[in-house]
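Any value given below was found using the heavy atoms of this structure, including those in side chains, with hydrogens, waters and symmetry copies removed. Residue numbers begin at 1 in each chain, while the letters A, B, ... track the order of the sequences.
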Amino acid sequence: MKYKTLKGLQDILPPDISVWQHIEAGARDIFKNYGFQEIRLPVMESTDVFIRSIGETSDIVEKEMYTFQDKGGRSVTLRPEGTAPFVRAYVEHHLYNNPAPQKYYYMGPMFRYERPQAFRYRQFYQIGAEAMGIDDPKLDAEIISMLALILGSIGLVGLNFEITSIGCKNCRPGYRSALKKFLNDKIDKFCKDCQRRFDINPLRILDCKVPSCIESRQGSPPVLDFLCTECEGHFKSLKKYLDILSVSYTINPNLVRGLDYYTKTAFEVSSESLGSQKAVAAGGRYDSMVDEFGGPSTPGIGFAIGMERIIPLIKDSLSEPAGPDLLFCPLGDEAAVKAFLLTGQLRAEGLWVEMNLESTSLRSQMRKANRIGAKNVIVLGEDELKTGEISIKDMVSGEQNKSLLEVNQLIKIIRKET
RNA sequence: GUGAGUGUAGCUCAGCUGGUUAGAGCAUCUGACUGUGGCUCAGAGGGUCGGGGGUUCGAAUCCCCUCACUCACCCCA
């Protein structure tokens with residue numbers, strides 16, 4: 001085979017596409033009720049958009065970006081996530097002048113140059129939502145409960161919601177140095193990745209899954225103890241509002257985001273039935289990002305759902321692919337022309353109609369009718385053309401009914417039966 | 001970037017320690033059944049055995065290299 005999809009990219013074909021449409025339609029429904037509007041953004045941005053927001057030392061920026069030079073010599077990057085481009089657009093179009101909260105959602109492909117794995121692709125699809133302009137933890141709770149509703153309405157069960165607060169620019173430095181102080185004298189007990197993290201981003205040591213690291217970090221100062229009064233109050237209120245909305249969650253103080261722009265609330269949804277790549281959605285608050293993009297200081301919060309992560313969880317509910325309402329089986333050239341005309345007329349009336357374009361034996365035409373799942377079949381031969389009367393066959397019951405070869409009467413019969 | 005596993009028909013896979021024209025099931029097409037599908041039966045088409053090299057009288061099978069895919073690590077949605 002000469003050409004194939006690039007590594008980590010995939011074609012999405014029928015019937016799988018119906019699962020995607022089901023998810024997208026379900027999400028759109030709920031977004032509408034929460035006042036979110038769709039926004040469509042380019043798949044590439046100036047590379048700086050990502051470096052400045054996601055963080056120079058993050059794994060994404062360090063090794064996972066599809067970055068190249070365009071013909072004008074500019075460095076461009078295929079978006080590895082949706083929030084930074086969104087904030088760029090938010091500032092560029094002065095969307096902060098609309099009444100807060102401004103609420104947007106998007107769905108589309110993201111790109112990360114990683115080694116593919118189960119449920120992890122280089123081009124992957126996210127459904128994301130962003131709400132801007134409100135600092136109140138009620139909004140955090142609203143967002144998380146909306147996420148729960150979306151995932152639930154799509155048909156997902158057994159999900160685990162984890163939340164934490166990672167502080168803000170006022171209290172995080174204090175925590176960071178307290179953590180480094182605690183880890184400093186046992187640094188040689190950690191894996192080599194964690195030793196590297198110690199300087200770059202010590203918070204991520206808390207998220208390491210190596211058993212010796214888990215053990216060595218026992219007794220480390222909990223992040224939640226270092227929150228400033230504002231962050232602490234915010235987190236406390238968030239929990240209260242989640243309780244009011246009956247969203248069940250667990251507090252995971254070791255939840256660490258790979259992106260640098262998060263402040264205060266961070267959350268992640270995971271499914272135990274997925275194996276190693278178990279995160280299906282994640283998000284958090286980013287209160288200083290608009291500022292950094294040159295806009296007026298504006299708080300924001302959002303999340304993204306990983307399409308490829310939720311699809312295997314609901315694939316069982318795949319419905320049978322439908323077949324046409326009617327199939328014409330013409331015998332002979334004259335009949336084929338008549339069927340050709342009627343096919344067009346009936347389609348214009350809103351029916352899904354097909355005709356066999358190849359003149360094969362009636363037997364094989366009927367086989368095909370069965371194979372494609374046609375609901376009704378009309379055989380058009382010399383007799384029918386002569387008398388103007390046909391039999392329409394219901395392929396499920398096998399019954400045949402007489403009818404005149406006339407559009408309105410055919411519609412009536414098909415509509416009644418289907 | 002690191003490690004492990006797998007590559008044989010459109011799909012799922014047999015093919016034992018090297019030995020004739022490389023097989024099965026499903027799918028496709030045709031016929032049995034001049035104008036009525038599903039079931040059954042018969043037949044047909046479809047393969048550079050991932051690619052290259054080596055060992056050998058002889059390689060899908062053994063060895064080396066390479067490519068692709070998969071899974072895991074890392075990290076993340």
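Counted within 6.0 Å of CD on A:E399, heavy atoms from surrounding residues, nucleotides or ligands total 12 or fewer; the atom is thus considered open.
A:L255 places its CG atom 10 Å from the P atom of B:C76, with the value rounded to the nearest Å. For A:L313 and B:A77, the CG to C1' distance is 12 Å, given to the nearest whole Å. Atom CD of A:E308 is separated from atom C1' of B:C76 by 13 Å (rounded to the nearest Å). Put simply, CD on A:Q117 is 12 Å from C1' on B:U2, counting in whole angstrom units. Protein atom CD1 of A:I127 is 11 Å distant from nucleotide atom C1' of B:A77, rounded to whole Å. Atom CZ of A:F119 and atom P of B:C76 are 19 Å apart (whole Å). Distance A:I372 CD1 to B:U28 C1': 15 Å, rounded to the nearest Å. Taking atom CZ of A:F267 as the reference point, atom C1' of B:C76 lies 15 Å away to the nearest angstrom.
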Watson-Crick and G-U pairing of RNA chain B written in dot-bracket, each distance under 3.5 angstrom, with | for inter-strand partners: (((((((..((((.....[...)))).(((((.......))))).....(((((..]....))))))))))))....

Detail all sub-3.5 Å separations between protein N/O atoms and N/O atoms belonging to nucleotides 31-37 of chain B.
unit_1 : atom_1 : unit_2 : atom_2 : d
B:G31  : O6     : A:R367 : NH2    : 3.3
B:A32  : N6     : A:R363 : NH2    : 2.7
B:C33  : O2     : A:R363 : NH1    : 2.7
B:G35  : O6     : A:E382 : N      : 3.2
B:G35  : O6     : A:D383 : N      : 3.2
B:G35  : N1     : A:E384 : OE1    : 2.9
B:G35  : N1     : A:E384 : OE2    : 3.1
B:G35  : N2     : A:E384 : OE2    : 2.4
B:U36  : O2'    : A:K393 : NZ     : 3.3
B:G37  : OP1    : A:R363 : NH1    : 3.2
B:G37  : N7     : A:K393 : NZ     : 3.1
B:G37  : N1     : A:M395 : O      : 2.6
B:G37  : N2     : A:N370 : OD1    : 2.9
B:G37  : N2     : A:M395 : O      : 2.8
B:G37  : N3     : A:N370 : OD1    : 3.1

For nucleotides 65-68 of chain B, which of its nitrogen or oxygen atoms have a protein nitrogen or oxygen under 3.5 Å away, and what is each distance?
unit_1 : atom_1 : unit_2 : atom_2 : d
B:A68  : O2'    : A:K4   : NZ     : 2.9

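For the C1' atoms, the distance from B:U61 to B:G23 is 15 Å, rounded to whole Å. Nucleotides B:G25 and B:C41, compared at atom P, are 11 Å apart to the nearest Å. The gap from the P atom of B:G7 to that of B:G50 amounts to 8 Å, rounded to the nearest Å. With C1' as the reference atom, B:A60 and B:U20 are 15 Å apart, rounded to whole Å.
Toward the 5′ end of RNA chain B lies the nearest nucleotide of A:R115, the other residue of the pair A:Q126 and A:R115 mapping further downstream. Take the nearest nucleotide of RNA chain B for A:V269 and for A:G8: the residue whose nucleotide is more 5' is A:G8.
Residue A:Q365 is classed as having no contact, given no heavy-atom separation below 4.0 Å to the nucleic acid. No engagement by A:F111 is indicated, since no non-hydrogen atom pair under 4.0 Å with the nucleic acid exists. Residue A:F303 is out of contact with every strand shown, counting any heavy-atom pair closer than 4.0 Å.
Nearest heavy-atom pair, A:F182 versus A:Q218, reported as atom, atom and distance to 0.1 Å: CZ-O, 3.3 Å.
Sorted by first and then second residue, the pairs that involve residues 259-277 of chain A and meet salt bridge (Lys or Arg N to Asp or Glu O under 4.0 Å), not counting sequence neighbours, are A:D135-A:K264, A:E230-A:K264, A:R257-A:E268, A:K264-A:D287, A:E272-A:K278. Pairs of residues two or more places apart, or lying in two chains, that qualify as side-chain hydrogen bond (donor to acceptor under 3.5 Å, both in side chains) and include a residue from residues 149-172 of chain A are A:E162-A:N252. Residue pairs meeting the side-chain hydrogen bond (donor to acceptor under 3.5 Å, both in side chains) criterion with at least one partner in residues 334-343 of chain A, sequence neighbours excluded, do not occur; the list is empty.
With hydrogens and angles ignored, no donor-acceptor pair closer than 3.5 Å exists between the side chain of A:R204 and the base of B:C74.
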